[in-house]
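Below: one structure in structure tokens.
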There are 2 protein chains.
Amino acid sequence: MANSRSGDSMIARVVRVLETFEADRTVQSTSEIGRRAGLPSSTVHRIVDQLADEGLLEFDEDHNARLGMRLWELALRGSTALRLRQAALPHMERAQAVLRQHTQLAVLERGEALFLERLSHPDAGANIARVAGRLPLHASSAGLVLLAYAEADIRNPVLAGPLTAVGPATITDPARLRIELARIKRTGFAAAPASIEAVSTGVAVPIREAGRVIAALSAVLPRESYPDRAIPVLREASQRIEADLRAARS
Amino acid sequence: MANSRSGDSMIARVVRVLETFEADRTVQSTSEIGRRAGLPSSTVHRIVDQLADEGLLEFDEDHNARLGMRLWELALRGSTALRLRQAALPHMERAQAVLRQHTQLAVLERGEALFLERLSHPDAGANIARVAGRLPLHASSAGLVLLAYAEADIRNPVLAGPLTAVGPATITDPARLRIELARIKRTGFAAAPASIEAVSTGVAVPIREAGRVIAALSAVLPRESYPDRAIPVLREASQRIEADLRAARS
DNA sequence: GCACCAGTTCCCATTCAATGGGAATTCCTC
DNA sequence: GAGGAATTCCCATTGAATGGGAACTGGTGC
């Protein structure tokens with residue numbers, strides 16, 4: 001049988017293979033990949049070998065597979081993610097030097113907040129956000145900013161719920177969330193105490209390019225600290241990021 | 001004709017499509033991709049549409065293609081590159097705070113130095129190294145370190161040359177390069193004045209994991225500065241990175 | 001407004017890259 | 001040595017993929 005019984009395209013299968021790798025699963029045997037990707041053993045061995053030939057996967061000395069540096073290189077070098085985080089990094093570092101907690105950069109991706117960068121002070125508290133990780137839009141300050149400025153066709157499905165609680169103060173009532181999103185648009189920032197962790201407050205501001213919100217810059221602070229102090233720091237950083245993005249496009 | 005006349009696999013074609021995106025070419029029409037990838041127009045339109053369906057590419061409002069955030073996410077989240085640069089970043093920042101120039105992290109990839117991270121002080125001089133960019137091994141301090149500790153099957157083809165000059169003091173004589181590599185292994189660092197730019201000196205040290213050199217940490221300094229001052233800073237950073245990598249694996 | 005050009009979309013006859021079951025081999029653990 | 005899991009290999013089968021070509025769309029220049 002020359003082609004898949006399921007009608008899959010090859011590209012869809014490749015994506016399913018790559019999706020089996022996660023932050024907590026960076027190494028696995030080819031057979032494990034096949035089980036997770038739902039592919040027959042001989043098929044997955046062939047696909048994984050081809051991906052390794054092209055450098056998209058690599059084998060370690062135990063013949064387990066990991067994501068290849070070539071994949072990293074191809075995915076990064078011409079990407080919007082790299083452009084955004086390189087424009088942002090110096091300003092995030094400056095903000096971080098003042099705030100000395102967590103400073104993060106996130107974009108809206110498939111109905112969630114995808115974190116492009118996270119800087120963390122060694123003494124800062126716990127933070128579940130991860131680089132290349134996701135969080136629900138309604139349950140993080142960055143996500144709330146992204147949601148507030150999103151097109152209706154993205155915002156409405158989120159508001160239609162369900163809105164799952166992640167922390168003790170996650171907003172789970174759609175009506176309250178609408179009010180909060182309107183407030184974010186009016187004030188230009190999100191402050192989300194205990195949205196994820198009881199002992200933390202997230203604060204976020206938008207980053208705009210060509211009139212649209214393309215990312216959110218956020219800080220995660222101890223609950224008892226004053227977010228009012230972080231907001232101007234984040235705003236200034238955001239404005240400088242926007243200026244650098246404009247300069248880079250000229 | 002069901003499959004390619006050239007005998008290409010689908011995966012090889014996808015890689016050729018992704019390879020058309022570079023740091024200086026982040027947006028292009030599908031027809032341009034096809035020309036660069038050497039694919040017929042109807043074929044490349046189909047492949048690009050499938051890649052976009054999976055989020056590996058995205059279209060902007062002018063219907064030009066760019067690398068997709070989903071590709072970035074899949075390539076990053078379980079990758080060695082992310083693990084390395086996250087272990088390295090705090091220590092690079094500390095080194096950078098002292099040196100206030102460029103601080104870089106590179107790995108050996110396909111016979112070249114691939115840069116995973118670069119931190120640059122606003123006042124620092126020019127530097128052609130780029131994140132997700134490559135430099136020849138013999139023509140950068142990080143590359144020289146990676147080459148010095150590489151397996152013979154990687155080192156020998158480089159020494160077999162040709163060794164192209166990149167800057168005024170790039171080593172292009174294989175015999176001299178062998179001597180320099182031996183010196184690097186003996187002293188544990190590379191110092192490469194004017195290897196790339198006449199006004200700069202590169203200094204690099206190895207980063208080891210499980211007894212092998214997996215990356216190089218480097219700094220690019222003004223030519224007239226004393227590299228002797230940078231070496232202990234880079235060494236300390238490297239040792240802390242190694243400690244963090246060990247801790248992360250326990 | 002028309003001509004021209006480039007990019008995109010669509011169609012479809014053709015076909016070989018891809019399939020996956022199954023056997024054999026290898027490696028590891030007990 | 002047995003058992004189990006992973007890997008490698010084989011190969012008859014076949015439909016996802018091919019790509020030429022036509023039609024359509026949009027932009028530019030005259």
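Everything numeric in this text was worked out from a predicted model, so none of it was measured. Residue numbering restarts at 1 for every chain, and letters A, B, ... go by the order of the sequence lines.
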Could you check how far CD1 of B:Ile33 sits from P of C:dG7, rounded to whole Å?
12 Å
Would you tell me if any nitrogen or oxygen in the side chain of A:Arg46 comes within less than 4.0 Å of OP1 or OP2 on C:dT19?
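Result: yes.
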Of the nucleotides C:dG21, C:dC10, C:dA18, which has the atom closest to the A:Ser42 side chain?
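Of the options given, the side chain of A:Ser42 lies nearest C:dG21.
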Atom-pair distance (CG on B:Asp49; P on D:dG19), nearest Å:
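Those two atoms, CG and P, are 16 Å apart.
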Would A:Arg83 and A:Asp244 pass as an ion pair if we require N to O under 4.0 Å?
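Looking at A:Asp244 together with A:Arg83, the answer is no, because their closest N to O distance does not fall below 4.0 Å.
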When you measure from the side-chain N and O atoms of B:Arg13 to the phosphate of D:dT18, is any distance below 4.0 Å, counting only OP1 and OP2?
yes
Does A:Arg155 pair with A:Glu151 as a salt bridge, N-O distance under 4.0 Å?
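Salt bridge: no.
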Under 6.0 Å from the ring centre and within 45 degrees of the ring axis: does the NZ or CZ of A:Arg208 meet both conditions for the six-membered ring of A:Tyr149?
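Satisfied, under 6.0 Å and within 45°.
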Send over the distance from A:Ile11 CD1 to D:dA17 C1', rounded to a whole Å.
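Interatomic distance, CD1 of A:Ile11 to C1' of D:dA17: 10 Å.
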For A:Gln50, which contact category applies under a 4.0 Å heavy-atom criterion: base, sugar-phosphate, or nothing?
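Contact class for A:Gln50: sugar-phosphate only.
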With a 4.0 Å cut-off on heavy atoms, is A:Ser9 in touch with a base, just the backbone sugar-phosphate, or nothing at all?
sugar-phosphate
Ignoring hydrogens and angles, write down the donor-acceptor pairs under 3.5 Å from the side chains of residues 38-58 of chain B, residues two or more places apart or on other chains.
residue : atom : partner : partner atom : Å
B:His45 : ND1  : B:Ser41 : O            : 2.8
B:Glu58 : OE2  : B:Met69 : N            : 2.9

Between protein and nucleotides 2-7 of chain D, what N or O pairs are separated by less than 3.5 Å?
residue : atom : partner : partner atom : Å
D:dA6   : OP1  : A:Arg35 : NH2          : 3.2
D:dA6   : OP2  : A:Arg35 : NH1          : 3.1
D:dT7   : OP2  : A:Thr30 : N            : 3.3
D:dT7   : OP2  : A:Ser31 : N            : 2.8
D:dT7   : OP2  : A:Ser31 : OG           : 2.8
D:dT7   : OP2  : A:His45 : NE2          : 3.0
D:dT7   : O5'  : A:His45 : NE2          : 3.3

Would you please say whether a donor-acceptor pair under 3.5 Å links the side chains of B:Arg118 and B:Ser120?
yes
Do the side chain of A:Asp60 and the main chain of A:Asn64 share a donor and acceptor less than 3.5 angstrom apart?
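Yes; judged by distance alone, with no hydrogens or angles, the pair exists.
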